[in-house]
Each structure stands twice: as C-alpha cells, then as structure tokens.
Amino acid sequence: MSEQVDDTPIDRGGYDFNAMQAKWRPVWEKLDPFKAKDDGSAERRYALTMFSYPSGDLHMGHGEVFALHDVLARYWFQQGYDVMNPIGWDSFGLPAENAAIKRNEHPATYTYANIETQAESIRRYALSFDWSRRLHTSDPEYYKWTQWLFLQFFERDLAYRKASYVNWCPHDQTVLANEQVVQGRCERCGHEVTKRELTQWYFKTTAYAQRLLDDMDQLQWPEEILLMQRNWIGRSEGAFASFQVEGRDEPIKVFTTRPDTLFGATFMVVAPDAKLAEELVTPEQREAFDEYLKAVKASTEIERLSTEREKTGVFLGSYAVNPVTGERIQIWAADYVLADYGTGAIMAVPGQDTRDWEFAEKFGLPIVRTVQPEEGFDGKAYTGEGPAINSANAEISLDGLPIDEAKTKVIDWLQDKQLGERTINYRLRDWLLSRQRYWGAPIPIIHCPSCGEVPVPEDQLPVELPDLRGAALQPKGVSPLASVREWVEVACPKCGGDAERDTDTMDTFVDSSWYFLRYCSPGYTEGAFDRDAVDRWMPTYQYVGGKEHAVLHLLYARFFTKALHDMGLLNATEPFTRLLNQGQVINEGKAMSKSLGNGVNLGDQLDEFGVDAIRLTMVFAGPPDDDIDWADLSPGGSLRFLQRAWRLAGSVESAVGVDFSAGDLALRKLTHRTVADASELIDSYRFNVMVARVMELVNATRKAIDSGPGAADPAVREATEAVAILLSLVAPYTAEDMWENLGHQPTVAKAGWPTVDPALLVEDSVTCVVQIAGKVKDRLEVAPDISEADLEKLALDSEAVQKALDGRGVRKVIVRAPKLVNIVPA
RNA sequence: GCCAGAGUGGUGGAACGGCAGACACGCCGGCUUUAGGUGCCGGUGCCCUCGGGCGUGCGGGUUCAAGUCCCGCCUCUGGCACCA
C-alpha cells in the first residue's frame with residue numbers, strides 16, 4: 001500500500017509564514033531595534049535568560065525558555081524601558097571534549113560550529129537579543145577574567161586547596177562538587193559516584209552560608225527554589241559538647257542539635273574516613289579498622305546513602321567519658337557518620353535517635369531513655385516531645401523539663417564548665433572547583449617547591465590552554481594538561497626557580513557565575529567588567545531558566561555576587577531579582593529521549609508550522625512553570641489563530657491616524673480592557689491567559705467587521721493595532737506583517753504599548769447575580785454604582801426570586817453591590 | 001523516611017472566598033467547496049420525566065456563599081535523603 005502525499009500548498013488566505021520570515025528578518029537586522037541604549041534616556045531593565053550550552057542545535061526546551069523570556073523582554077521594550085537583553089554561550093564543558101575525542105579534533109571545532117548553528121536558529125526564532133554583547137566563556141578574552149577573578153578569591157583566602165575525600169566520577173574521570181552529585185550519581189553522565197582522597201581547590205562558599213539565607217527575603221523567586229536552597233544550606237542550631245578521651249589530652253568535640261539528651265549519650269561514633277578515627281584506633285583494633293575502612297572506601301555513594309542498609313561499624317578500642325554521667329563509653333567508627341559534617345564525630349543517643357538505636361541494637365550497646373515517651377508509645381527511639389527523665393547528676397538536673405528548656409539549661413551549664421558552647425552548623429560545604437579535564441579555564445596557579453602556591457601574575461593572564469586534540473584528551477584520572485610538560489614547567493614568578501603550573505581546570509559553573517556581569521561591558525579590557533556599567537544594570541531585573549539549577553548555578557552565582565561585592569567590585573549583593581523557572585517540554589508523558597524515540601525536533605516544527613505558531617503554542621500551553629506535553633498541544637490550532645488575527649489587518653478600512661474616539665464604544669472598551677489586563681497578566685507570568693484575552697479581542701473584532709459596525713469603524717483599527725502590538729510579544733513575524741498591512745512602518749516591536757484610557761475601563765452596566773441559598777436564580781443588569789439598598793430591593797422584587805421563594809420568608813440578605821445578592825430563605 | 005507542590009470536562013487549561021469550566025484542542029451537525037489538512041455558522045461537563053437535579057481526588061469543618069480557607073486521608077510529581 002502506498003500513501004498519497006498531497007503536496008499542494010494549503011491555502012491560508014494569503015498568510016504565508018515562510019514569506020514573512022524571509023521578508024522581515026533582514027529588515028530587523030538592519031534596524032537593530034533591541035540594542036541596549038545605556039544612555040540614561042529611559043529607565044534601565046536587565047532581562048536575562050540562562051545562556052546556552054552549545055551541544056548541537058536548539059531543542060524544544062530552548063524553544064520554550066526563549067519564547068517565554070521574549071514575552072517579558074519585548075513587553076518591556078514596548079513599555080519604553082531601556083532593556084538590556086544579552087545572549088551568549090556557556091561554551092566550556094565536557095560534551096565538547098568527548099566529541100573531540102571521538103572525532104579526533106579540537107574541542108573548539110565542535111564548540112564553535114555548534115555556536116554558529118545555534119546563533120542562526122536563534123536569529124530565525126526572532127528573539128529580542130542585543131547581539132552586540134554576545135560572549136563565549138571559552139574565548140581567551142573571557143576566561144582571562146575568570147582566572148583573574150579566581151585570583152581575587154585566592155588572595156582573600158576564599159579559594160584554597162585542601163586534601164579530602166571527594167566525589168569522583170569514574171566515567172568522566174574527574175572530581176565533582178557536592179551540588180553535582182544527584183542521588184549518588186554524576187549530574188552530567190549519571191554514573192555512580194565514588195570517593196577518592198585528593199588535594200583539590202575549593203571556594204569558601206560556607207563563609208557565606210548565613211548571608212545566602214538572610215538575603216533570600218530580597219528575592220522574588222519561586223518559593224520552591226528558595227526552599228531548596230534553604231534545605232541545601234541546611235542551618236541547624238545546637239551545641240558543641242566536649243568529651244574527654246582516656247589516654248589523650250585533647251577532648252573530642254561533637255556537634256548535636258539535642259544537647260538535652262546528653263545524659264543518654266551511651267557511646268560515641270566517628271566517621272571512618274575522618275582523621276580522628278585514625279588517631280583513636282588502638283593497636284588491638286587496628287586490623288579490624290583497616291579492613292572496615294577499606295570496605296567503606298570501596299562502596300559507592302549510592303550504597304552508602306541507602307537508608308535501608310543495615311548499619312555497619314567497628315569498635316576503635318578507645319573510650320571517652322560522658323561529661324554529665326561520668327560513664328565510660330566506647331568509641332566506634334561507622335559510615336553513617338559523615339566526615340565533613342559537624343566535627344566528624346557524634347555522641348550517640350540511641351534512646352532518642354533512630355540511627356543510633358539501630359546501631360546500638362545491632363552491636364549490643366547500652367540504651368537509656370532521657371525523654372519520657374508519650375502514653376502508648378511502643379517504638380524504639382523516641383524523637384517526640386516530652387519531659388526529660390534520667391537526666392540528673394549532683395550538679396544539674398534536667399528531669400521534668402520540656403526539650404527546649406532542657407536544651408537551654410544544659411548548654412548554659414556546659415558553657416559554664418567550658419565543656420561546650422552554643423553553635424550553628426550548616427550542611428552546605430565548600431565548592432570543589434578543580435576538574436581533571438581539558439576544556440575549561442586553567443587554574444592560574446604555579447606550584448613552587450620553595451614558595452608554595454604562587455598566583456600567575458596578572459600581566460601573564462590568560463593562562464591559555466595548550467593545543468590538545470583527539471586522543472590526547474582521553475580522561476585518565478589526571479588532567480590531560482599534566483602530560484604537556486613544556487606547558488607545565490615554568491619558572492616560579494616569585495623566586496625564579498623550577499616550578500609547575502596547576503594542571504586542573506575550573507568547574508564550568510565558575511564561568512557561569514559571573515557572565516551576567518561581563519554582559520554589562522562586553523569587550524572591556526581593563527578588568528573583568530566596568531564597574532560603572534555593572535552598577536548601572538545590576539542586579540538583573542528578571543532571570544528566566546530551568547529549575548535544575550536551584551542549588552547549582554543559582555547558588556553559585558549568588559555566592560559570587562556577594563563575594564565580589566565584599567571585594568568592593570560592585571554594588572549589587574544579589575544577582576537576580578526576579579526569577580521565572582519554565583517547565584520542561586515533554587512528549588507523550590515522558591521526557592524526550594533518543595532511547596524512547598519520542599523526540600520532537602524544533603527545526604522540523606518550525607518548518608511545518610512557522611516560528612510564530614510554535615512560539616505561540618509554547619506560550620499558550622499553560623502556566624510557564626508547568627511542564628508541557630507536546631502531544632497535548634496543537635501547533636496547527638495556533639497557526640489557524642494567527643491567520644485569523646492576520647486577516648483582520650487586511651480588512652481594516654479606516655486610515656492610519658483616524659480618530660478612535662468616534663469608534664464603536666463596545667469594541668473600544670474591550671480593546672482597552674484587554675490591554676490593561678494584559679499588563680497585569682504579563683507581570684504575573686500568566687502569559688497563557690494573556691493570549692486567551694487576545695483571542696477574545698480578535699474574535700470580537702472579526703464580529704464587529706462582519707456583523708457589527710463594519711470594517712470602516714475606527715474602533716476596528718484601534719482593536720487591530722492593539723492586537724498587532726500584543727501579538728508582537730509572541731508572534732513577531734505575523735505582528736510585523738499586520739503592522740505593515742495597517743499602513744505603518746516597521747517595527748511593531750517598538751510601536752509602544754497602547755495607552756489605556758481609564759474612562760473606557762468603566763463599565764456602564766454590570767450583571768448582578770441573584771442567588772437564593774447560594775444558587776443562581778436571576779441576573780439583573782444594574783448600574784455599577786447602585787446602592788446596596790436599591791440593589792436589595794431590586795433583587796427581592798425579581799419575579800424569578802419571588803417564584804423561587806414560593807412564599808417562604810427571608811431570613812437574611814447579603815448584598816455585594818453591584819455584582820451579587822444572596823438571599824437566605826427562612 | 002523528611003520537605004514542598006499539584007489533583008477541575010474526552011484533552012491543555014480559566015476562575016480577587018461570590019455565575020465552575022474563560023480561551024483553545026478534539027469531537028458532532030450544518031454551510032461554502034470538484035476536493036480538503038481551508039474558511040464560516042451552530043453544538044459539546046454529567047443525569048433528566050425538560051420542572052430541574054448533580055458536579056472541581058475522598059471524608060469532615062468554617063461561611064449567607066468553598067475549586068479556593070481549616071482538619072484528616074488518598075494519589076501523583078518534584079526535591080532532599082544516615083546532616084547528628
């Protein structure tokens with residue numbers, strides 16, 4: 001069987017999206033209407049969308065985020081703001097490197113070819129970007145300043161090197177930051193993450209933990225994202241408590257959020273991979289400990305994180321003394337205690353902690369309840385509220401106190417005895433920034449045997465990447481740069497002796513932590529950015545991008561901005577004032593993927609339906625933060641609507657500049673109401689409803705032409721011009737064509753937002769709903785300023801009401817003039 | 001396990017505590033057309049004895065009035081996951 005393919009062009013009543021796209025693109029490129037003026041002639045507004053990673057051409061996700069972002073940017077252009085809406089590429093990173101290995105070429109070849117492909121697609125997509133500010137993070141002119149900024153952090157001890165057990169991706173052969181480990185897997189490639197002990201570079205993000213929390217109240221971000229950041233930072237209030245150890249001078253400090261349970265601390269646990277464990281293990285227990293440590297190191301993060309897993313551990317042979325009970329307690333090592341949280345050691349309180357209970361039960365350690373469980377409690381560890389019990393010695397008694405009071409009392413006592421202190425602990429850890437890969441900005445440090453870590457002098461920046469390609473980029477656990485001896489070996493800038501460059505590159509999230517600052521003064525050569533320009537534009541008014549960056553880019557960028565502020569480099573303390581997270585584009589209920597074969601190609605969609613119809617489909621699909629399922633949508637319907645709207649422009653018979661005030665009042669009112677509502681809807685990101693309102697206006701205008709006041713009525717021109725301007729935010733080609741057909745010069749993008757006449761927003765009659773016991777019985781047309789008394793009388797006199805009451809008396813009448821009356825019958 | 005968010009027609013989705021289902025998609029009927037993947041007109045929550053009755057995941061509550069607020073469940077999605 002063969003299928004007949006009808007390739008006759010569909011008659012779209014003269015609407016030809018291909019012709020429009022071909023016609024208007026060069027006109028706009030010549031006019032260049034979206035270049036930021038930055039001359040003080042209008043209020044500045046910085047509109048930012050997350051820049052793109054150049055792996056292949058644009059996909060459906062780009063189509064959505066760009067379409068949504070452009071509604072906002074174009075709206076502000078229409079409103080007369082001096083909008084800066086820049087575009088660039090986050091062009092360092094692993095995919096380019098992996099492609100280069102496969103193709104035996106330089107990562108730059110793949111990277112810059114994809115950038116050109118994407119740039120062409122973005123231009124076709126008709127976005128209101130200021131191309132003059134374009135940047136690529138892999139350009140030496142850019143990463144020179146990434147390196148310079150790193151050195152600013154280094155000089156202030158905000159970048160430092162330390163040895164630690166770090167997250168290691170065996171597939172990508174590089175370390176990862178905590179934020180890049182998602183459910184025990186590599187954020188990039190999905191492989192299980194293991195641990196390695198390595199000396200690596202860190203940014204001291206923890207120094208900003210509290211301010212990252214405090215300043216959240218300045219941000220108009222989705223509550224969900226703020227919450228994720230709050231949880232990630234993980235502030236907990238508690239206390240340190242010191243435990244003396246037999247045969248050791250220095251006591252062990254533990255962090256606890258439950259100092260009230262100190263009397264129940266029946267043993268102590270340290271992280272096996274913490275230094276402390278090594279110090280506390282006795283010769284008798286050495287063999288058992290070494291074996292345990294080996295097993296722990298071999299386990300993946302996924303195994304380790306599983307809460308289902310039975311507790312494991314080993315007795316270290318050492319004993320500590322509980323400071324309040326004086327009991328001698330065993331010290332164990334177990335991997336349920338984390339080396340890098342708190343002090344890497346805990347007091348175990350099995351009576352009140354589930355994990356400690358499990359551990360005590362398994363290894364036969366003592367359990368003491370120090371909080372009285374509720375009546376009927378028959379579980380194991382009791383974590384609920386209750387009065388303290390078994391918590392008294394000769395000097396202090398907590399017995400009978402509720403948890404809060406017991407905490408305060410015991411902390412005061414500990415502080416008095418110099419056995420502990422009140423403290424706050426954070427879950428956030430420092431940002432590990434070294435990567436053992438090639439395609440990134442080299443860390444500009446020289447390691448000298450006599451001088452230590454020496455910064456590369458500023459006049460020698462950038463430290464450029466040596467030319468490596470193909471197999472030379474193969475990951476092998478150390479950076480490919482390490483093999484380039486002529487690049488590695490340098491004279492120490494301080495003493496002139498033999499020294500070596502740091503061979504790691506920076507996490508690409510460093511590049512993206514300041515690109516929004518570079519946009520303010522592109523091409524600036526005196527520094528990373530021109531301070532005046534940054535202070536004029538920052539903070540960005542609006543940021544649009546995906547929520548997958550909640551605790552990655554969005555947290556790092558906040559940290560960078562605060563640190564640079566403290567360095568005196570800029571005024572802003574937060575990078576992004578308003579944040580919109582768009583949802584994902586999925587297909588048939590699932591994320592698009594090659595293996596599922598459910599991918600939809602953006603380019604194909606644009607070929608079939610045109611840019612405007614696809615943009616409109618994305619915007620109209622639903623609230624921007626919801627995921628949209630392409631299978632549920634109808635680009636064909638969007639296209640039909642655009643044709644209907646477009647045909648209005650060809651129908652208008654009145655002349656340019658006609659006095660609208662003579663036009664049909666009902667249509668004029670609808671036009672002004674629509675424009676006024678559209679502003680509110682855009683400000684609150686309800687673009688789908690905004691589009692629905694434009695559809696209503698189009699339908700009403702069509703009706704006015706066909707069966708109302710007619711095509712020559714000035715109100716029809718007013719409405720159609722408003723439609724063109726409103727549509728210019730979503731469907732720029734169609735809008736521009738309408739604008740021309742209406743007799744105007746390009747570009748509609750700068751036509752200006754229609755002025756709303758407040759007098760036309762006033763209704764001269766309102767439909768009042770009359771209910772009996774909450775059920776609608778009648779509708780009355782009333783004046784908007786009708787008095788409550790008049791309205792009540794009118795409602796009670798209504799025939800329908802009298803009939804429905806059927807002789808029953810009236811108990812109560814609620815009047816909400818002029819919209820509603822509710823009568824409660826007796 | 002903990003923390004968020006969400007459950008509304010056949011579908012995507014609208015609804016300051018005040019007419020549930022705007023606007024679309026789809027479907028049904030009609031007109032135009034040689035034809036339709038075009039255009040136009042009408043219909044479309046469910047039940048009905050054509051009076052009306054019932055309807056926003058389930059069960060309660062507050063209120064003159066609840067999709068919306070409160071309490072308790074259920075389901076789904078997302079985040080975190082031994083953080084002491």
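Atoms considered below: every heavy atom in the structure, side chains included; atoms not considered: hydrogens, waters and symmetry mates. All chains are named by letter (A, B, ...) in the order of the sequence lines, taking the proteins before the strands, and each is independently numbered beginning at 1.
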Touch class at under 4.0 angstrom, heavy-atom based, for L227(A) against every strand present | sugar-phosphate
Walking RNA chain B from its 5' end, the first of V824(A) and V821(A) to be reached, judged by nearest nucleotide, is V821(A)
In Watson-Crick or G-U wobble terms, with both distances under 3.5 Å, the base opposite A66(B) is none
With the threshold set at 4.0 Å, does a side-chain nitrogen-carboxylate oxygen contact exist between E237(A) and R235(A)?
-> yes
Under 4.0 angstrom, heavy atoms only, what part of the nucleic acid is R811(A) near: base, sugar-phosphate, or nothing?
-> nothing
Looking only at atom P, what distance separates G57(B) and U8(B), rounded to whole Å?
-> 6 Å
Non-hydrogen atoms of F243(A) and A265(A) that approach each other most closely = CZ-CB, 4.3 Å
Which part of the nucleic acid does F620(A) contact within heavy-atom distance under 4.0 Å: base, sugar-phosphate only, or nothing?
-> base
C1' gap between C58(B) and G52(B), integer Å | 27 Å
Under-4.0 Å side-chain N/O to phosphate OP1/OP2 contact, N699(A) with A24(B) | yes
Using the purine O4'-C1'-N9-C4 or pyrimidine O4'-C1'-N1-C2 torsion, is G52(B) syn (within 90° of 0) or anti?
-> anti
Does any nucleotide pair with G26(B) by Watson-Crick or G-U wobble geometry, both distances under 3.5 Å, and what is it?
-> U44(B)
Residue D632(A), side-chain heavy atoms: nucleotide from G12(B), C23(B), A84(B) that is nearest = G12(B)
Using the ring of each side chain (for Trp, its six-membered ring), is Y556(A) parallel, tilted or perpendicular to W431(A), with breaks at 30° and 60°?
-> parallel
Is there a donor-acceptor pair closer than 3.5 Å between any side-chain N or O of Q352(A) and the backbone N or O of T370(A)?
-> yes
Would W332(A) and F363(A) count as a close aromatic pair, with their ring centres under 6.0 Å?
-> yes
Distance check: side-chain N/O of N688(A) vs OP1/OP2 of A14(B), anything under 4.0 Å?
-> yes
Look through every strand shown and name the nucleotide pairing with G51(B) as Watson-Crick or G-U wobble, where both distances are under 3.5 Å.
-> none
Which atoms form the tightest heavy-atom contact between P623(A) and N688(A), and what is the distance?
-> N-ND2, 3.7 Å
Nearest to side-chain heavy atoms of R647(A), which nucleotide of A84(B), A22(B), G39(B) | G39(B)
What is the distance from CG of L670(A) to C1' of A22(B), rounded to the nearest Å?
-> 13 Å
Using only side-chain N and O atoms of K812(A), determine if any of them is under 4.0 Å from OP1 or OP2 of C64(B).
-> yes
Paired to U34(B) by Watson-Crick or G-U wobble criteria (both distances under 3.5 Å) is none
Between G78(B), C64(B), C82(B), which nucleotide has the shortest distance from any of its atoms to the side chain of R816(A)?
-> C64(B)
For Y341(A) and R686(A), take the nucleotide of RNA chain B holding the closest heavy atom to each; which residue's nucleotide lies nearer the 5' end?
-> R686(A)
Within the pair R230(A) and G79(B), is there a side-chain N or O less than 4.0 Å away from OP1 or OP2?
-> no
What's the closest nucleotide to the M228(A) side chain, out of C80(B), G13(B), G79(B)?
-> G79(B)
P spacing across the pair G9(B) / C3(B), given as an integer number of angstrom | 29 Å
Taking the same atom, P, in G7(B) and in G42(B), what whole-Å distance lies between them?
-> 33 Å
Using the C1' atom in both, what is the distance from G17(B) to G12(B), to the nearest Å?
-> 26 Å
P spacing across the pair A84(B) / A66(B), given as an integer number of angstrom = 44 Å
What integer number of Å spans the C1' atoms of C41(B) and U32(B)?
-> 11 Å
R640(A) side chain near C25(B) phosphate (N/O to OP1/OP2, under 4.0 Å) = yes
Tell me what N822(A) touches on the nucleic acid: a base, only sugar-phosphate, or nothing, going by heavy atoms under 4.0 Å.
-> base
Can you find a side chain N or O atom of Q183(A) that sits less than 4.0 Å from OP1 or OP2 on C80(B)?
-> yes
For G72(B), the Watson-Crick or wobble partner whose two distances fall under 3.5 Å = C58(B)
If you check the Q643(A) side chain, which of U38(B), A15(B), A24(B) turns out closest?
-> U38(B)
Check every strand shown and say whether S236(A) touches a base, only sugar-phosphate, or nothing at a heavy-atom separation below 4.0 Å.
-> sugar-phosphate
Quick one: is the NZ or CZ of K311(A) closer than 6.0 Å to the six-membered ring centre of F359(A), and within 45° of its axis?
-> no
For salt bridge (charged side-chain N to carboxylate O under 4.0 Å, His left out), just list the numbers for E680(A) and R693(A), CA-CA rounded to whole Å, side-chain angles, deciding distance to a tenth of an Å, and then say yes or no.
-> CA-CA 12 Å; E680(A) 233 172 86; R693(A) 290 292 157 72; over 6 Å; no
Pair partner, G1(B) [Watson-Crick or wobble, under 3.5 Å] = C80(B)
Base partner of A14(B), which must satisfy Watson-Crick or wobble distances under 3.5 Å = none
Could you check whether E223(A) gets within reach of a base, just the sugar-phosphate, or nothing at all, counting any heavy atom under 4.0 Å?
-> nothing
For atom C1', what is the distance between A22(B) and U44(B), given to the nearest Å?
-> 16 Å
Using a 90° cut-off around 0 for syn, call G51(B) syn or anti.
-> syn
